[in-house]
Amino acid sequence: MTAKTDPSLNDLFLGLDLSTQGLKATVVSPEFEVVYEAAVNFDTDLPGYGTEGGAHRHADGVTVTSPPLMWVESLDLLLSRMQSDGFDFSRVKSISGSGQQHGSVWLNKSAVGALKALDPERSLHSQLRSIFSVEASPIWMDSSTRAECDALETALGGAQAVADLTGSRAYERFTGNQIARIARLQPDAYSETERISLVSSFMASLLIGDIAPIDASDGAGMNLMNFRDKEWDAAAMETTAPGLKAKLGPLVPSHAVVGTIHSGYVQRFGFDPECLVVAFSGDNPNSLAGLRLQQPGDVAISLGTSDTLFGSLTQAMPSGCEGHIFPNPVAPEAYMAMIVRQNGSLARERVRDEVAGGDWKTFESLVESLPPGNDGYLGLYYFEPEITPPVVSPGIFRFDSAGNSVEAFSPAQEARAILESQFLSLRLHAEQVGLRPENLVVTGGASVNAVILQTLSSVFGKDLYAAEKSDSASLGAAYRAVHGFQCHAAHDVVPFSETMASAPAYRKVASPDPSAADLYTQSLGFLNRLEKSVTNG
Ligand code: 5FX
C-alpha cells in the first residue's frame, strides 16, 4: 500500500448495520481494533412502531414489512447516543454500512428535496415522514410473491435461466418479485414512486442527503441484475414492472464512494465535512468482508438460527435449485456464493433437549461415544420447512447404511446424526455452487461448542478457525469503510488483502480427524440420494 492511501493513526472508520432487529455502529481504528460500539433495538428503543423483532407480520401469514420511518428514527437515536457518549465524530474519515438484504424503500417525488434540505436543528424523522410512497416496506422475511416468482421464471425460460442471469432462481423475498407485487396491487403507489432503494442504499441516502445508488453486491439480491456484467437486465425489468429502470437508478461497485456526509450532520454532530460515505451493501456481503474472506477457498460458516455458508470464488456456478451468487463486495473481479439452511441451531437444540435433557455436556458425550460416520446411520432433520435442500413439509427421516428407513435411533446415534447430516449437507450444497473450502472460519452462537466444532472440521476435512466477534456485518461495514477510503485515495481498487494485512490472525479451534476425511467425502453421494428421496428439489 502506498503511504498516500494509508489512514493516519488518529483516524476512525464507522460501520453501520441495519439488521432486522436493530441498528448497530462499530468503529475501528486503522489497526482494526474495535474502539467503540453502540446499538438501537427497534422493539424496545422505538416501541411506538409496534414491531416484533423489528417487523410486522401480516394476518395473511406471508406478508412481512417494516416501517421505513422507524429506520430513519433509529439513525437519529444512534447518532444521539454516540454524541452523549462523547464520541468524537470529527475523527471519522469514512462510513460504510450494511442492510438486511432484499428489503425495499419506496420514495416519492418529494424525497430528493427533503433529503437535500435536511435541517440540523430538527430530527430526521420529523423532516422525512412524508417521503415514502409505500409506508410499509417489504423485507426479506416476506414470502407473499410466489405468483410473481412463477411469472418471472416463465418469462425468462425457467429457474435455471433466471439463476444463470441473476445469480439466483426467483425467490419470494428477492426485491424484483416484491416490486412486481406492489406494482400489481398498488398501481397508484407505484406510479407515485420516484425511486426504489434497497435498505442498504436508503441508509446511505440519509447520510449523504441525496439518493445513494444501489451497489452491485446487494443489487444481485433482486432477481433484476445481470450478476456477471453488473447491469440491470432489460428482460427481467420488463417482466417485473413498467418504467422500472428509471426508478432504480444506477448501480455502483461496492467500494465506490457515493458522496460526502451532508452538512446537517457536520453542524449537528461535528462530523468532518470531508467524511466519505462508501456504498452501503447487504448484510451477507458485509459479513464476507467482516470475516476477512479474501481469496477463493476462504469460506465462512455462521452457525445461527439458520446456518449460513458463504465464500469467495472466481468461477460462478449459479444453480436453479439452491444458493445465491453475488458479486464479491471487496474484489470486483470475483463473486461470493451463499447457502442458507433454515434448520440450524434450533434443530440442534431440539435434538439436544430430547436426547440429553437440554445439557450440552451430555450431548457431547453421546456424540463422542460413536465413531465418525455413525456406523452408516444418517438422519435428516427438518423441524421447519427447509431452504437448502427445498423441503416444504417438515419431518425427520432416519436411514441405515443401506438407505433403508429406520423408525428410531438410539440417543447417541441421534446426537451424532444431526451434526453429521447438517454439516454434510452444507458441504454438499456448497460444492454444488462451486465452493470448496480451503480456509474455514466459523462464527455465530454455536461456535463455542467443542463437539460441534470438531464434527464440522472433520466433515469438511479442514482446520477450523474462529472469528473473535460474532457481529460480522457491522464489523465488515467498518472494514469496507477503510477499503473504500483507500480505493478512493488510490483512484484504483486496492486488494482487500492489502487493506487487511495488519489485522490479527484467527485462532484455530479444531483440526479434522484424519481417519474420517475419506469417509465423509464418500458419504456426500449417499446424503444427496437420501435428500432427493425426501425433498422437493
Ligand atoms: C439473505 O438472502 C437473506 O435473506 C437474509 O440473510 C437477510 O439478508 C437477513 F437480513
Side-chain angles (χ1 to χ4, degrees), residues 16-24 42 51 53-55 57 62 64-66 68 71 74 97-105 137-145 149 162-163 166-178 198-203 214-225 227 254 280-291 300-311 318-319 321-327 329 335-345 384-388 390 426 429-430 433 443-444 470-474 476-477:
L16 297 175
D17 173 36
L18 190 122
S19 69
T20 318
Q21 301 184 10
L23 177 64
K24 163 140 210 213
F42 299 141
T51 55
R57 288 166 184 76
V62 284
V64 185
T65 60
S66 293
W71 297 332
S74 73
S98 159
Q100 48 175 303
Q101 290 199 262
H102 318 299
S104 47
V105 180
S137 282
I139 64 162
W140 69 279
M141 297 161 91
D142 184 285
S143 57
S144 63
T145 66
C149 290
V162 176
T166 71
S168 305
R169 69 165 171 80
Y171 282 96
E172 283 93 335
R173 65 193 193 285
F174 274 42
T175 325
N177 308 308
Q178 302 285 343
L198 291 179
V199 174
S200 56
S201 62
F202 175 63
M203 295 307 286
I214 292 173
D215 79 298
S217 293
D218 212 11
M222 301 174 83
N223 279 146
L224 291 174
M225 190 191 85
F227 82 96
S254 310
F280 280 34
S281 188
D283 51 355
N284 294 295
N286 275 286
S287 287
L288 179 122
L291 291 165
I301 296 178
S302 167
L303 298 174
T305 309
S306 56
D307 291 339
T308 313
L309 178 150
F310 50 83
S319 161
C321 302
E322 63 206 343
H324 312 296
I325 309 279
F326 306 134
Y335 301 99
M336 70 176 279
M338 179 171 97
I339 297 287
V340 181
R341 287 195 85 258
Q342 189 73 32
N343 288 277
S345 286
E384 302 282 340
E386 183 50 72
I387 297 172
T388 313
L426 275 178
H429 295 284
V433 293
T443 179
S470 57
D471 42 0
S472 49
S474 62

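All values derive from a computational prediction rather than experimental measurement. All ligand and atom numbering here is 1-based and tracks the order in the structure.
Annotation: side chain of Met336 is in contact with side chain of Pro285 (closest heavy-atom distance under 4.5 Å). Looking at heavy atoms from C-beta onward, Asp471 lies in side-chain contact with Lys24 at the 4.5 angstrom threshold. Considering only heavy atoms from C-beta on, Phe42 comes within 4.5 Å of Leu18 through its side chain. Side-chain atoms of Gln178 and Trp140, non-hydrogen and from C-beta on, never get closer than 4.5 Å to each other. Side-chain contact between Ser104 and Pro138: present, with at least one pair of heavy atoms (C-beta onward) separated by less than 4.5 Å.
The proximity of Val340 to ligand 1, defined as any non-hydrogen pair under 4.0 Å, does not occur for either the backbone or the side chain.
Side chain to side chain, Asp218 and Ser200 meet the donor-acceptor criterion of an N or O pair below 3.5 Å.
If you number the atoms of ligand 1 from 1 as listed, the ones under 4.0 Å from a heavy atom of Met338 come out as 1 (C), 2 (O). Near Gln100, meaning under 4.0 Å from any of its heavy atoms, are these atoms of ligand 1: 10 (F). Counting atoms of ligand 1 from 1 in the listed order, those under 4.0 Å from a heavy atom of Gln101 are 1 (C), 7 (C), 8 (O), 10 (F). Atoms of ligand 1 lying under 4.0 Å from any heavy atom of His102, numbered from 1 in the order shown and given with element: 1 (C), 2 (O), 3 (C), 4 (O).
Atom 5 (C) of ligand 1 has as its closest protein heavy atom Trp140 CE3, 3.7 Å. Nearest non-hydrogen protein atom to atom 6 (O) of ligand 1 is Asn284 ND2, 3.1 Å. In this structure, atom 8 (O) of ligand 1 lies nearest to the protein heavy atom Asp283 OD1, 2.7 Å.
Distance SG/Cys149 to CZ/Arg169: 7.5 Å, rounded to 0.5 Å.
Polar contact check, Arg173 against ligand 1: a nitrogen or oxygen pair lies under 3.5 Å apart.
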